[in-house]
Novice: 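Here's a structure for you.
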Amino acid sequence: MANSYTQMYIQAVFAVKYRNAIIDKSWKDEMHTNIGQLVTECGCKSMIVNGVEDHVHCLIGLKPIISVADLMQVVKARSSKWVNDSKIITSRFEWQSGYGAFSYSQSNVDAVYKYIQNQVEHHKNQTFKSEYLEMLNKFEIEYDEKYLFEDLI
């Protein structure tokens with residue numbers, strides 16, 4: 001075959017370290033834009049980035065030139081650097097280690113997009129922890145709950 005064609009959609013989910021609710025409305029959209037640009041700079045398609053005070057969801061058209069792990073490493077490192085360099089908060093900003101990455105078919109993209117778009121409304125009734133556990137269970141991902149979340153010591 002002369003050319004390669006791919007269609008891979010990933011929803012990536014990652015949280016602020018210790019799940020601190022520190023992403024403020026005053027700079028949230030700018031951070032989401034920055035994350036979208038980082039996804040694009042890595043050669044992938046940023047379809048939507050949204051979240052609430054303690055976590056972010058991204059719907060990504062993944063390209064085979066980069067692994068999910070490498071993409072998340074770049075996005076999380078450079079977006080936290082952007083927050084810290086911008087000095088928009090007084091403390092050091094960090095993402096929790098790890099992330100969730102869930103794959104979807106083309107037929108599910110619209111529903112996932114709308115789900116991410118409605119994060120603020122969604123989280124009026126559900127915590128991030130319960131949402132994340134629900135996603136892991138829905139995708140039948142085995143996990144040990146003691147390793148899922150970094151808590152304050």
Novice: Does a side-chain heavy-atom distance below 4.5 Å link His55 with Val52?
Specialist: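 Heavy-atom side-chain distance check passes, below 4.5 Å.
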Novice: Got a second to check how far Cys44's SG is from Tyr9's OH, nearest 0.5 Å?
Specialist: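 Nearest 0.5 Å value for the SG-OH distance: 12.5 Å.
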Novice: Between Glu53 and His123, is any side-chain donor less than 3.5 angstrom from a side-chain acceptor?
Specialist: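 No, because no side-chain N or O of Glu53 sits under 3.5 Å from a partner of the opposite role on His123.
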Novice: Any side-chain heavy atom of Phe93 sitting closer than 4.5 Å to one from Lys81?
Specialist: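 No, every pair of side-chain atoms sits at 4.5 Å or beyond.
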Novice: Working to the nearest 0.5 angstrom, can you tell me the gap between Glu131 CD and Thr127 OG1?
Specialist: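 The OG1 atom of Thr127 is 8.5 Å from CD of Glu131, to the nearest 0.5 Å.
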Novice: Would you check if there is a donor-acceptor pair between the side chains of Tyr104 and Gln11 at a distance under 3.5 Å?
Specialist: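 There is such a pair (donor and acceptor under 3.5 Å, judged by atom type) between the side chains of Gln11 and Tyr104.
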Novice: Who are the side-chain contact (heavy atoms from CB on, under 4.5 Å) partners of Gln117, not counting sequence neighbours?
Specialist: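 side-chain contact (heavy atoms from CB on, under 4.5 Å) check on Gln117 returns Ile48, Tyr113, Lys114.
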Novice: What's the separation between atom CG in Leu148 and atom CD in Gln96, rounded to the nearest 0.5 Å?
Specialist: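 Answer for the CG-CD pair, Leu148 versus Gln96, is 8.5 Å.
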Novice: Does Val49 belong to the same Ile/Leu/Val/Met/Phe/Trp/Tyr cluster as Ile22, with side-chain heavy atoms less than 4.5 Å apart forming each link?
Specialist: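 Linked, Val49 and Ile22 end up in one cluster.
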Novice: Within the 4.5 Å heavy-atom criterion, are Glu94 and Val16 side-chain neighbours or not?
Specialist: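 Of all side-chain heavy-atom pairs linking Val16 with Glu94, none is under 4.5 Å.
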Novice: Which atom names give the shortest non-hydrogen contact between Asn84 and Ser91, and what distance separates them?
Specialist: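 Taking every non-hydrogen atom into account, OD1-O, 4.1 Å.
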Novice: Quick one: do Ile141 and Val68 end up in the same hydrophobic cluster if we chain Ile, Leu, Val, Met, Phe, Trp and Tyr together by side-chain heavy atoms under 4.5 Å apart?
Specialist: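 No, it is not one cluster - the side chains of Ile141 and Val68 are not joined through contacts under 4.5 Å.
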Novice: Hey, quick one: are Phe139 and Val109 part of the same hydrophobic cluster, counting side-chain heavy atoms closer than 4.5 Å, chains of contacts allowed?
Specialist: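 Yes, Phe139 and Val109 fall within the same hydrophobic cluster.
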Novice: Any idea which heavy atoms bring Gly98 and Phe14 closest together, and the distance?
Specialist: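 Heavy atoms of Gly98 and Phe14 come nearest at O-CB, 4.2 Å.
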Novice: Pick one: which of Val83, Asp24, Ile23 meets side chain to side chain contact (heavy atoms under 4.5 Å, CB included) with Ile89?
Specialist: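 Exactly one pass, corresponding to Val83.
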Novice: In the structure I gave you, are the side-chain heavy atoms of Lys45 and Met47 within less than 4.5 Å of one another anywhere?
Specialist: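 Counting from C-beta outward, Lys45 and Met47 do come under 4.5 Å.
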Novice: Before giving the answer on side-chain contact (heavy atoms from CB on, under 4.5 Å), spell out for Leu133 and Glu145 the whole-Å C-alpha distance, their side-chain angles and the decisive distance to 0.1 Å.
Specialist: CA-CA 9 Å; Leu133 290 171; Glu145 197 165 343; 3.8 Å; yes
Novice: Does a side-chain heavy-atom distance below 4.5 Å link Tyr115 with Leu59?
Specialist: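 Tyr115 does not reach Leu59 side chain to side chain.
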Novice: Counting only heavy atoms not in Gln73, do more than 12 fall under 6.0 Å of its CD?
Specialist: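 No, the 6.0 Å shell around CD holds no more than 12 heavy atoms from other groups.
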Novice: Within a strict 4.5 Å, meaning less than it, do heavy atoms of the Trp95 and Ser79 side chains meet?
Specialist: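 Contact flag for Trp95/Ser79 side chains = yes.
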Novice: What distance do Ile66 atom CD1 and Met72 atom CE have between them, rounded to the nearest 0.5 Å?
Specialist: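 Between atom CD1 of Ile66 and atom CE of Met72 there are 8.5 Å.
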Novice: Report yes or no: is the cationic atom of Arg19 (NZ for Lys, CZ for Arg) under 6.0 Å from the centre of the six-membered ring of Phe149, at an angle within 45° of the ring normal?
Specialist: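 Yes, cation above the ring, under 6.0 Å and within 45°.
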Novice: Work out which heavy atom in Ile10 is nearest to a heavy atom in Ala101; give both atom names and the distance.
Specialist: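 Minimum heavy-atom contact is CG2-CB, 3.9 Å.
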Novice: Which pair of non-hydrogen atoms, one from Ala21 and one from Asp54, has the smallest distance, and what is that distance?
Specialist: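 Taking Ala21 first and Asp54 second, the nearest heavy atoms are CA-CB, 4.1 Å.
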Novice: Going from CE on Met8 to CD1 on Ile60, what distance comes out if it is rounded to the nearest 0.5 angstrom?
Specialist: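 Answer for the CE-CD1 pair, Met8 versus Ile60, is 11.5 Å.
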Novice: Of all heavy-atom pairs between Ile65 and Gly43, which one has the smallest distance, and what is that distance?
Specialist: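 Result for this residue pair: CD1-CA, 3.8 Å.
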Novice: Measuring only between side-chain heavy atoms, which start at C-beta, is Trp82 closer than 4.5 Å to Ile35?
Specialist: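 Not touching, per the 4.5 Å side-chain cut-off.
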Novice: Give the minimum heavy-atom separation between Ile116 and Cys58, together with the two atoms involved.
Specialist: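 Heavy atoms only, the tightest pair is CD1-C, 4.0 Å.
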Novice: Please confirm whether the backbone N or O of Glu30 pairs with a side-chain atom of Asn34, one donor and one acceptor, at under 3.5 Å?
Specialist: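 Not a single qualifying donor-acceptor pair exists.
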Novice: Tell me, do Val13 and Val56 make a side-chain contact under 4.5 Å, heavy atoms counted?
Specialist: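 Not in contact.
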Novice: OH/Tyr99 to NZ/Lys76 distance, rounded to the nearest 0.5 angstrom?
Specialist: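 Tyr99 atom OH to Lys76 atom NZ measures 8.0 Å (nearest 0.5 Å).
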Novice: Could you check whether atom CD of Gln106 has more than 12 heavy atoms from other residues, nucleotides or ligands sitting under 6.0 Å from it?
Specialist: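 Counting other residues, nucleotides and ligands, CD of Gln106 exceeds 12 neighbours.
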Novice: Determine the interplanar angle of the Tyr132 and Phe102 rings, folded into 0 to 90°, and report it as parallel if under 30°, tilted if 30 to 60°, perpendicular if over 60°.
Specialist: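 Aromatic pair Tyr132/Phe102 classed perpendicular.
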